[in-house]
Amino acid sequence: MNDNIDKSVLGLHLPTDPRWADIAGMNIEDILVDHAYCEQKAASSCISLIVTYPDKEELVEMLTPVVSEEWSHFEMVIEQLKKRGMTLGKMRKDEYVAALAKKIRKGGSREDQLVEKLLMNALIEARSCERFKMLHKNIEDKELSEFYYQLMISEAGHYRNFLELAKKYNSEEKVMKRWQELLNEEAEIIKNLEIRSDRMH
Ligand SMILES: [Fe+2]
Ligand SMILES: [Fe+2]
């Protein structure tokens with residue numbers, strides 16, 4: 001699974017600059033704090049989808065356990081901070097997600113909006129998965145390296161959940177066309193984003 005999770009599986013158009021893993025690995029406290037909030041936002045995003053689309057049975061069924069998983073990831077990150085004598089700290093500005101949100105099309109039908117949101121979630125999962133893989137491979141701390149391996153597997157599953165759901169609410173052809181457009185936009189965002197040691201993205 002490890003080496004299968006790469007650009008071709010996740011579809012990402014631009015790999016993360018390898019310098020990020022080096023500087024992130026030297027700044028574990030900031031990375032863990034930013035990471036904790038990524039997990040919180042992932043759980044909140046699933047809750048928001050469930051309460052906005054309670055009539056979509058498959059969505060409710062697929063995303064309800066994902067909320068628990070994301071929240072358990074949050075708990076695990078808190079545990080890693082605690083073990084190192086660190087605390088959660090304040091939430092940081094998430095420039096990556098803010099830039100992605102601007103690329104989401106407004107308007108259209110309720111289903112169109114849903115597909116946009118699902119694809120945005122899929123993008124964040126794919127990029128997170130790629131970054132966890134980089135941390136797994138580069139981080140010297142054995143426990144954290146293993147931790148990031150487990151999360152990489154879990155986020156890859158979520159990425160597939162979101163894409164699968166998107167295809168239920170619009171034709172596969174339209175969804176995949178839009179997915180490719182968003183992958184291009186995401187690559188452009190990553191290209192222009194400053195490489196920071198204190199951000200997961
Ligand atoms: Fe997660
Ligand atoms: Fe996830």
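Computation of the quantities below employed the complete heavy-atom set of this structure, encompassing side-chain atoms and omitting hydrogens, waters and symmetry-equivalent molecules. As the structure is a prediction and not an experimental result, all values here were calculated from the model.
Heavy atoms of other residues, nucleotides or ligands lying less than 6.0 angstrom from CD of Glu172 number 12 at most. More than 12 non-hydrogen atoms from other residues, nucleotides or ligands lie less than 6.0 angstrom from NZ of Lys106.
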Report task. Could you walk me through whether Lys103 and Glu188 pass the salt bridge (charged side-chain N to carboxylate O under 4.0 Å, His left out) test, one step at a time? Result -> CA-CA 11 Å; Lys103 303 296 177 189; Glu188 203 53 33; over 6 Å; no
Requested in this report: Give the intermediate values and the outcome of side-chain hydrogen bond (donor to acceptor under 3.5 Å, both in side chains) for residues Ser44 and Gln40.
Outcome: CA-CA 6 Å; Ser44 300; Gln40 173 267 313; 2.9 Å; yes
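A distance of 6.0 Å or more separates the ring centres of Phe74 and His35.
Looking only at distances, no side-chain donor or acceptor of Glu125 sits under 3.5 Å from a matching main-chain atom of Ser154. For the pair Ser145 (side chain) and Asp141 (backbone), a donor-acceptor distance under 3.5 Å is absent.
For the salt bridge (Lys or Arg N to Asp or Glu O under 4.0 Å) criterion with Lys168, the lone passing option out of Glu58, Glu61, Glu57 is Glu58.
Here the closest non-hydrogen pair linking Gly108 and Asp112 is CA-OD2, 3.6 Å. Summarising the geometry of Asp34 relative to His201, their closest heavy-atom pair is OD2-N, 4.4 Å, with the distance given to 0.1 Å. Residues Ile139 and Gly25 approach most closely at CG1-CA, 4.1 Å, considering heavy atoms. Of all heavy-atom pairs spanning Tyr37 and Gly89, the tightest one is OH-O, 2.6 Å. The nearest pair of heavy atoms linking Met134 to Asp17 is CE-O, 3.9 Å.
Considering only heavy atoms from C-beta on, Met76 comes within 4.5 Å of Ser72 through its side chain.
Judged by the 6.0 Å and 45° rule, Arg196 forms no cation-pi pair with Trp20.
Classification of the Tyr149-His136 ring pair by plane angle, with boundaries at 30° and 60°, yields tilted.
Looking only at atom types and distance, the side chain of His13 has a donor-acceptor partner in the side chain of Gln180 under 3.5 Å away.
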